[in-house]
Amino acid sequence: MRRTAVRRVNEWDGPSMLKIYAHYAGTSAASEEETPELQAYVQRIDRYTYGLGWLLCEIDHQTVGFCHLSEDPSAPDDLFSVEFRLYVKPGLFRRGIGTALWSLMRDMMEMGNRRRVLARVKQENQPAQAFFEAMGFVPLQGPAPADEPGVYWLEYRLAPWDSGAQKPTKPYLVEADDYENAREKAADMVDLTGI
């Protein structure tokens with residue numbers, strides 16, 4: 001029986017994540033034209049994992065997708081608002097991997113009291129736009145965070161566990177039981193049929 005896991009990322013995941021990201025660099029789905037060097041990518045993982053959050057989905061210990069948060073480009077000092085990025089291994093689309101990653105990340109953001117998450121999609125990337133809309137994202141109201149031609153911005157309003165929190169809880173400080181329950185729920189969303 002195949003084993004699926006959705007979990008927090010660590011620096012040792014960098015090489016397998018970079019292999020997936022390499023398929024996206026230089027396309028409408030990524031913000032970079034070139035695939036970064038491994039060491040730079042690992043440093044990026046180290047920088048953001050504990051403060052904002054990176055998650056990975058694996059099947060039988062093989063990375064099949066990952067997602068991460070970064071600062072809101074329109075308000076980088078607003079710790080309650082972040083941007084979400086998602087990458088799934090080509091050939092494994094429409095198997096619930098993206099849904100599982102979004103589910104766990106959304107749960108962790110809400111446990112951590114974040115309030116808003118943004119997603120940027122190139123206008124020609126209709127599958128990505130359809131995915132985010134299916135997950136409950138809506139077109140961003142008001143000015144776009146960055147002036148990027150051909151980019152469509154969406155937002156999702158979160159339901160923080162403590163709406164009066166003075167600052168968000170970092171992902172690695174979320175209660176272990178809450179995190180494990182959310183992980184199990186997310187892993188069950190992945191469709192292993194025919195894999």
Side-chain angles (χ1 to χ4, degrees), residues 1-21 24 41-42 44-71 79-119 128 131-137 154 156-163 165 167-195:
M1 183 171 165
R2 292 193 175 275
R3 180 182 180 276
T4 303
V6 185
R7 61 172 176 81
R8 295 181 186 115
V9 166
N10 63 58
E11 63 185 24
W12 305 109
D13 296 314
S16 66
M17 292 166 57
L18 196 57
K19 284 180 185 175
I20 292 174
Y21 187 69
Y24 291 93
Y41 201 66
V42 168
R44 192 181 303 177
I45 292 168
D46 284 344
R47 177 179 173 207
Y48 285 109
T49 296
Y50 299 105
L52 290 168
W54 288 56
L55 299 175
L56 174 134
C57 180
E58 56 189 4
I59 299 172
D60 290 342
H61 305 287
Q62 299 296 311
T63 303
V64 294
F66 68 96
C67 65
H68 66 86
L69 301 177
S70 58
E71 294 92 355
L79 302 178
F80 291 100
S81 183
V82 291
E83 182 181 352
F84 176 75
R85 301 274 180 118
L86 172 69
Y87 305 97
V88 174
K89 185 176 181 179
L92 293 177
F93 302 126
R94 305 189 67 79
R95 295 201 163 267
I97 295 165
T99 303
L101 287 162
W102 164 247
S103 173
L104 181 56
M105 186 65 85
R106 182 200 59 229
D107 289 351
M108 290 181 66
M109 285 189 288
E110 290 183 344
M111 291 173 204
N113 303 313
R114 296 198 192 273
R115 298 179 183 142
R116 179 177 84 150
V117 59
L118 301 174
F131 169 81
F132 284 113
E133 289 174 351
M135 296 300 105
F137 282 74
L154 301 115
Y156 185 97
R157 292 288 171 173
L158 297 159
W161 283 20
D162 178 2
S163 59
K167 61 181 181 178
T169 301
K170 293 183 178 181
Y172 67 96
L173 295 176
V174 167
E175 289 291 331
D177 287 346
D178 295 329
Y179 169 67
E180 289 302 326
N181 290 335
R183 268 178 22 92
E184 289 176 18
K185 180 181 79 172
D188 287 341
M189 295 176 176
V190 178
D191 178 6
L192 299 172
T193 306
I195 295 179

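As the structure is a computational prediction, the values presented were derived from the model and not from experiment.
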Between side-chain atoms of residues 53-65 and protein atoms elsewhere (two or more places apart, or another chain), which donor-acceptor pairs fall under 3.5 Å?
from	atom 1	to	atom 2	distance (Å)
Glu58	OE1	Arg7	NH2	3.3
Glu58	OE2	Arg7	NE	3.1
Asp60	OD1	Arg3	N	2.8
Asp60	OD2	Arg2	NH1	2.7
Thr63	OG1	Ser16	OG	2.7

**Request:** Test side-chain contact (heavy atoms from CB on, under 4.5 Å) on Phe132 and Tyr156 and set out the steps.
**Result:** CA-CA 9 Å; Phe132 284 113; Tyr156 185 97; over 6 Å; no

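- Each side-chain hydrogen bond (donor to acceptor under 3.5 Å, both in side chains) pair with one or both residues in residues 170-194, not counting sequence neighbours, appears once here: Asp107-Lys185, Glu180-Arg183, Asp191-Thr193.
- The two residues Arg95 and Leu192 come nearest to each other via the heavy atoms NH1-C, 4.3 Å.
- Taking Ala165 as the reference, Asn113, Asp162 meet the side chain to side chain contact (heavy atoms under 4.5 Å, CB included) condition, with sequence neighbours excluded.
- Residues passing the side chain to side chain contact (heavy atoms under 4.5 Å, CB included) test with Arg116 are Asp72, Ser74, Ser81, Leu118, Leu140, Glu155, Arg157, sequence neighbours excluded.
- Across all their heavy atoms, Arg114 and Pro160 have their closest contact at O-CB, 3.6 Å.
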**Request:** Please test Phe84 against Leu52 for side-chain contact (heavy atoms from CB on, under 4.5 Å), starting from the C-alpha separation and ending with a verdict.
**Result:** CA-CA 10 Å; Phe84 176 75; Leu52 290 168; over 6 Å; no

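- Scanning both residues, Val9 and Asp13, for their nearest heavy atoms gives CA-OD2, 3.5 Å.
- What you find for Met111 and Ala182 is that their closest heavy atoms are CE-CB, 3.8 Å.
- Atoms CG and CE, on Leu173 and Met108 in that order, are 9.5 Å from each other to the nearest 0.5 Å.
- Take Phe131 and apply the ring pair (Phe, Tyr, Trp, His ring centres under 6.0 Å) test, not counting sequence neighbours, and it matches no residue.
- Annotation: the span from Glu110 atom CD to Ser163 atom OG amounts to 12.0 Å, rounded to 0.5 Å.
- The side-chain hydrogen bond (donor to acceptor under 3.5 Å, both in side chains) pairs that include a residue from residues 84-93 are Ser31-Arg85, Glu83-Arg85, where partners are two or more places apart or lie in different chains.
- A distance below 6.0 Å separates the ring centres of Tyr41 and Tyr21.
- Side-chain contact between Leu86 and Met105 is absent, with no heavy-atom pair separated by less than 4.5 Å.
- Side-chain contact between Met189 and Val6 is absent, with no heavy atoms from C-beta onward closer than 4.5 Å.
- Closest of all the heavy-atom pairs between Val42 and Gly14 is CG2-CA, 4.4 Å.
- Using modelled atom types, one side-chain atom of Arg8 and one backbone atom of Pro171 make a donor-acceptor pair closer than 3.5 Å.
- Between Val117 and Trp102 the shortest side-chain heavy-atom distance falls below 4.5 Å.
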